[in-house]
Amino acid sequence: MTATPLPREPSAFESTFVRRPSKLDPEELGFEPRQPVAWLSPSQLAATGIRVAFAAQFGAYLDKRELQVALPNQVHDQYATQEDIWIDYIADLGDGFDATYSMAYLLAQPQVQLGDDTLPRGQVLLLGGDQVYPTASGAEYENRFEGPYKAALPEPITDASPTMYALPGNHDWYDGLTAFMRLFTRRDGGRIGGWKTKQTRSYFALKLPHRWWLLAVDAQGEAYVDDPQLEFFKSVAGTFQPGDNVIIMTPQPAWVQTDEHPRYYDTIDYFLRNVIDPTGAHVKLMLSGDLHHYSRYVQQGGTRQLVNCGGGGAYTAATHHLPEKIAVPPKHSLVRRASPQGFYKLAKTYPTKLRSKWLGGGVFARLPWRNPGFAGLLGVLHTMLLLALQNEGHRIVTVPIFLMVSLFLAATTFFAVGLTAGQMKAKPFILGGLHGVAHVLLGVGGWLIWRQLPLSEIAWPGPPAAAVVVYLPIVSIVAALLVSAYLLVASSFKVNTNELFAGQGIEDFKSFLRLHIAADGTLTLYPIGVDRISKNWIAQASGSWFRPAKPLRPRLVDTPVVFSPIEVPTSVPDPLP
């Protein structure tokens with residue numbers, strides 16, 4: 001049953017704080033808790049291919065960032081004079097209710113206990129992109145993001161309430177940012193549950209204590225930074241002092257995507273060269289989401305660190321293919337003026353590379369039951385191939401056989417090439433073709449076995465009916481296992497690695513970051529992981545609407561990362577005689 005989303009006026013929100021739900025029922029919640037997206041369902045596969053094609057035309061059709069120049073903008077400096085500040089960061093969060101709410105619940109608690117350390121809730125919550133899956137719309141934001149976060153922190157807004165800022169990811173962009181802007185950008189501010197929202201554009205700047213700054217740049221894929229955004233950040237950077245420390249927040253970790261997308265980092269490099277470098281400020285930390293795991297790269301001979309943390313609620317993605325060393329900007333960049341190349345070493349991943357390989361091997365057990373529609377589609381196609389072969393009349397090639405073989409080859413090639421931008425290379429085409437041949441051989445093998453059974457000799461319409469009743473269920477599972485084997489092999493060539501994990505829909509191994517700028521100006525980053533989310537919830541009378549039946553067990557998945565404060569001279573040197 002689909003519930004009509006509650007209106008977003010403050011009075012409607014206030015009423016939800018009084019009426020606490022007793023169960024996960026849409027009529028009580030005011031939103032519909034959603035299941036995780038089945039990424040390999042037939043309709044979702046087709047939609048993904050279409051979105052990849054539209055994403056390639058981002059600059060021509062979807063990019064409406066220039067229109068935001070009509071909206072007010074400002075540097076958010078309400079934190080600048082504080083002695084210290086705690087900041088939370090989470091990304092890739094708006095998927096199934098259990099994983100999304102598990103993380104929202106932890107973020108909403110007054111503190112998180114990590115061994116002997118007690119870390120208070122962030123005064124600021126940064127959303128790093130992809131606040132909703134699979135497609136941005138008002139209803140999907142309500143069901144997959146706003147509803148769970150409202151349930152996690154159902155408190156009235158006060159002066160002490162934490163503030164939320166959001167950077168859009170590619171899924172937020174699929175409707176041209178229409179739903180994102182309605183939810184997050186309001187002239188007079190808004191709210192998501194007990195979090196205040198203050199941004200007025202899809203990008204923002206925070207002035208933090210002790211000469212720390214955070215710049216959230218809306219730079220999608222290969223698209224250039226639009227002029228209004230560039231001018232805004234130049235005006236912000238004009239207030240920097242030499243030696244200031246800067247955190248750059250981007251929608252994707254372009255530093256590890258340069259092999260498939262060599263131009264992704266060019267946009268960020270342009271921003272660094274033209275906005276930050278002339279000021280004498282230092283970019284100490286670059287943050288991103290998009291890849292659904294945690295990884296950290298450390299600059300060799302420098303102080304900069306590159307952190308991806310996309311564990312907010314979507315399926316867990318692979319880490320075992322991450323390179324141990326990267327060069328930024330990449331050697332094959334086509335930019336004639338690029339920053340001096342720096343080298344970075346992989347310091348930590350979550351899940352670990354060994355665990356990631358083990359999770360990838362679980363595709364045989366997870367993919368068929370996680371994607372019944374996909375397995376059913378495979379069964380239908382193989383049954384059609386069986387009937388085409390069964391009626392061949394001792395001819396090697398007939399029109400039905402030709403059509404079915406062509407369909408398999410086209411479908412498997414699209415699966416290898418069309419679901420991810422930047423795959424128009426020989427290797428995906430070859431692997432996709434071999435995958436198609438494997439399915440044809442499976443179909444021929446199934447036909448050779450079928451023709452030995454008495455079911456193939458019964459009177460019409462017995463053979464097709466028997467094929468649907470007997471052959472289709474069996475071949476659905478076998479074909480799904482064949483796809484699983486293909487994904488495992490193809491991923492070793494860095495093809496369809498995303499589909500290997502998306503098809504499994506692993507909801508565990510979630511993560512977020514808690515940052516602390518201390519009174520002495522030191523920034524400490526705490527990477528927090530949750531090995532197991534909760535799937536059972538108990539209503540409670542105060543605080544979050546629901547608590548996990550078994551307590552969540554957050555833990556540090558990396559050593560705390562410490563960044564030094566601004567180095568201020570302790571004395572003024574004597575003037576020269």
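Note that the coordinates shown come from a computational prediction; the quantities given were computed from them, not determined experimentally.
For Phe271, the ring-ring contact (aromatic ring centres under 6.0 Å, His included) partners two or more places apart in sequence, or in a different chain, are Phe233. Every residue meeting the salt bridge (charged side-chain N to carboxylate O under 4.0 Å, His left out) condition with Arg555, not counting sequence neighbours, appears here in chain and number order: Asp531. Under the salt bridge (charged side-chain N to carboxylate O under 4.0 Å, His left out) criterion, Asp508 pairs with Arg532, not counting sequence neighbours. Scanning for ring-ring contact (aromatic ring centres under 6.0 Å, His included) contacts around His76 gives Tyr165, with sequence neighbours left out. Partners of Phe501 by ring-ring contact (aromatic ring centres under 6.0 Å, His included), not counting sequence neighbours: none found. Considering only residues two or more places apart in sequence or on other chains, Arg547 meets the salt bridge (charged side-chain N to carboxylate O under 4.0 Å, His left out) condition with none of them. Among residues two or more places apart in sequence or in another chain, the salt bridge (charged side-chain N to carboxylate O under 4.0 Å, His left out) test is passed with Asp95 by Arg144. In this structure Phe240 satisfies the ring-ring contact (aromatic ring centres under 6.0 Å, His included) test together with Trp213, sequence neighbours excluded.
The stretch residues 104-114 participates, sequence neighbours left out, in no salt bridge (charged side-chain N to carboxylate O under 4.0 Å, His left out) pair at all. Among pairs with a residue in residues 345-358, those fulfilling salt bridge (charged side-chain N to carboxylate O under 4.0 Å, His left out) read Glu324-Lys353, at least two apart in sequence or across chains.
Judged by distance alone, the side chains of Asp558 and Tyr294 do bring a donor and an acceptor atom under 3.5 Å apart. Side-chain N/O atoms of Thr316 and Lys510 include a donor and acceptor closer than 3.5 Å. Between Ser295 and Asn308, the side chains place no donor N or O within less than 3.5 Å of an acceptor N or O (distance only, hydrogens not considered). Counting only N and O atoms by type, the side chains of Ser22 and Glu28 include a donor and acceptor under 3.5 Å apart. Using modelled atom types, one finds a donor on one side chain and an acceptor on the other under 3.5 Å when comparing Arg296 with Gln305.
Arg211 places a side-chain N or O within donor-acceptor distance of the main-chain N or O of Pro242, the cut-off being under 3.5 Å. Judged by distance alone, with hydrogens and angles left aside, the side-chain atoms of Asp172 form a donor-acceptor pair with the main-chain N or O of Gln131 at under 3.5 Å. Looking only at distances, a side-chain donor or acceptor of Gln229 sits under 3.5 Å from a matching main-chain atom of Asp218. Of the possible donor and acceptor atoms, none in the side chain of Asp130 sits under 3.5 Å from a partner among the backbone N and O of Val132.
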Below 3.5 Å, can you tabulate the donor-acceptor pairs from side chains in residues 536-543 to any protein atom, sequence neighbours excluded?
| from | atom 1 | to | atom 2 | distance (Å) |
| --- | --- | --- | --- | --- |
| Trp537 | NE1 | Asp98 | OD1 | 3.0 |
| Gln540 | NE2 | Ser542 | O | 3.3 |
| Gln540 | NE2 | Ser544 | O | 2.8 |

Acceptor/donor pairs from residues 114-121 side chains to any protein atom, 3.5 angstrom cut, sequence neighbours excluded:
| from | atom 1 | to | atom 2 | distance (Å) |
| --- | --- | --- | --- | --- |
| Thr118 | OG1 | Gln113 | OE1 | 2.6 |
| Thr118 | OG1 | Gln113 | NE2 | 3.2 |
| Arg121 | NH1 | Ala108 | O | 2.6 |

Test Thr250 against Ile248 for side chain to side chain contact (heavy atoms under 4.5 Å, CB included), laying out the working first.
CA-CA 7 Å; Thr250 63; Ile248 300 293; 3.8 Å; yes
Under the criterion side chain to side chain contact (heavy atoms under 4.5 Å, CB included), I'd like the reasoning laid out for Gln123 against Thr163: C-alpha separation, chi angles, the key distance, then a yes or no.
CA-CA 6 Å; Gln123 298 162 261; Thr163 309; over 6 Å; no
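In the displayed structure, Lys196 atom NZ is contacted under 6.0 Å by more than 12 heavy atoms of other residues, nucleotides or ligands. By the neighbour-count criterion of 12 heavy atoms within 6.0 Å, atom CD of Gln35 is sparsely surrounded, having that number or fewer from other residues, nucleotides or ligands.
The distance between the ring centers of Trp212 and His516 does not fall below 6.0 angstrom.
Of all heavy-atom pairs between Pro148 and Glu142, the closest is CD-O, 4.1 Å.
The aromatic rings of Phe184 and Tyr141 stand perpendicular to each other, their planes meeting at an angle above 60°, with 30° marking the opposite boundary. The aromatic rings of Trp195 and Tyr149 sit tilted, their planes meeting at an angle between 30° and 60°.
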